[in-house]
Amino acid sequence: MKPTAPVYGLTPVAEATAMSGLAFLQGVLDGRLPAPPFSRSTGIRLSTVEHGRVVFEGEPSAAFFNPLGTIHGGWTATILDSAMGCAVHSVLKPGHAYTTVEMKLNYVRAVMPAHGLVTCEARVVHPGNRLATSEGYLRDAEGRLLAHGTETCMIIPVRKE
């Protein structure tokens, strides 16, 4: 059976926050919930989700070249932010949301289309009640480190209107 193409869109906040972060991300991964719109344009997608750990995949292409012919650092930052933020999302209880408040990245190698499918694994370092921290590692198809970073997210209780 041929896999179906992902559906892109937004899940209403009230619906998304009515479940745990892990349940929400599992819904996105298995296609019960839409993939976020940025995934279509960047080629970045969620591939694994567990409590406190996620993996994203992406294929860097010439569409993301900077003027010097390497993948723009913004694409690299996007996959790292996605993974590190979703690692935090995976530990949220129902009724909570999050937003990134700080991100620090280290670019180790220039990212190129020749790297093939890259993976970005992120784990929660500290799952606080108000602030949570995570770390992420972007690697090429051969496992070489391309970039790594840390992120702090603010945990936000969602009010029911």
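Given the structure is predicted, the values throughout are model-derived calculations rather than measurements.
The hydrophobic cluster containing Val124 does not contain Leu25, counting ILVMFWY residues as joined when their side-chain heavy atoms lie under 4.5 angstrom apart, directly or transitively. Side-chain heavy atoms closer than 4.5 Å link hydrophobic residues (I, L, V, M, F, W, Y) into clusters, and following such links, possibly through other members, connects Ile44 to Leu33. Linking ILVMFWY side-chain heavy atoms closer than 4.5 Å, directly or via other members, places Leu80 and Leu145 in two distinct hydrophobic clusters. Hydrophobic clustering of Ile, Leu, Val, Met, Phe, Trp and Tyr side chains at less than 4.5 Å, counting indirect connections, keeps Val108 apart from Val118. Residues Tyr137 and Met84 do not share a hydrophobic cluster, defined by chaining ILVMFWY side chains whose heavy atoms lie under 4.5 Å apart.
With hydrogens and angles ignored, the 3.5 Å screen pairs no side-chain donor or acceptor of Trp75 with any backbone N or O of Pro60. Within the 3.5 Å criterion, the main-chain N or O of Val55 finds a donor-acceptor partner in the side chain of Ser47. In this structure a side-chain-to-backbone donor-acceptor pair under 3.5 Å is present from Glu151 to Gly85. A distance-only check finds no donor-acceptor pair linking the side chain of Arg123 to the backbone of Glu121 [under 3.5 Å].
For residues 80-91, the pairs satisfying side-chain hydrogen bond (donor to acceptor under 3.5 Å, both in side chains) are Asp81-Thr100, with sequence neighbours left out. The stretch residues 8-28 participates, sequence neighbours left out, in no side-chain hydrogen bond (donor to acceptor under 3.5 Å, both in side chains) pair at all.
At a threshold of 4.5 Å between non-hydrogen side-chain atoms, the residues Pro34 and Leu10 do not count as touching. You'll find the side chain of Met154 stays beyond 4.5 Å of the side chain of Arg130, heavy atoms only. By the 4.5 Å heavy-atom criterion applied to side chains, Thr150 and Met103 are not counted as neighbours. By the 4.5 Å heavy-atom criterion applied to side chains, Leu146 and His115 are counted as neighbours.
Among all heavy-atom pairs drawn from His51 and Leu22, the shortest one is N-CD1, 3.8 Å. The shortest non-hydrogen separation linking Ala35 to Val28 is CA-CG1, 4.1 Å. Pairing each heavy atom of Tyr98 with each of Ile155, the nearest pair is CB-CD1, 4.3 Å. The nearest pair of heavy atoms linking Gly58 to Arg45 is CA-NH1, 4.4 Å. The minimum heavy-atom distance between Ala132 and Val88, with the atom names listed, is CB-CG1, 3.8 Å. The two residues Ala83 and Val54 make their nearest non-hydrogen contact at O-CG2, 3.1 Å.
Here the OG1 atom belonging to Thr119 is positioned 8.5 Å from the CG atom belonging to Asp140, to the nearest 0.5 angstrom. With values rounded to the nearest 0.5 angstrom, Phe64 atom CZ is found 8.5 Å from Thr78 atom OG1. Taking CD1 from Ile71 and OG from Ser61, the interatomic distance works out to 6.0 Å, rounded to the nearest 0.5 Å. Distance check: Leu131 CG to Cys153 SG gives 9.0 Å after rounding to the nearest 0.5 Å.
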Please lay out, stage by stage, how Thr76 and Leu138 fare under the test side chain to side chain contact (heavy atoms under 4.5 Å, CB included).
CA-CA 8 Å; Thr76 302; Leu138 180 66; 3.7 Å; yes

Under the side chain to side chain contact (heavy atoms under 4.5 Å, CB included) criterion, do Arg109 and Arg144 qualify, and how do the steps go?
CA-CA 9 Å; Arg109 289 185 170 84; Arg144 291 178 297 212; 3.8 Å; yes

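No more than 12 heavy atoms of other residues, nucleotides or ligands sit less than 6.0 Å from atom NE2 of His72. Residue-environment remark: CE (Met19) exceeds the threshold of 12 foreign heavy atoms within 6.0 Å. Within 6.0 Å of CG on Asn129 lie no more than 12 heavy atoms contributed by other residues, nucleotides or ligands.
Contacts of Glu102 classified as salt bridge (charged side-chain N to carboxylate O under 4.0 Å, His left out), with partners at least two apart in sequence or in another chain: none.
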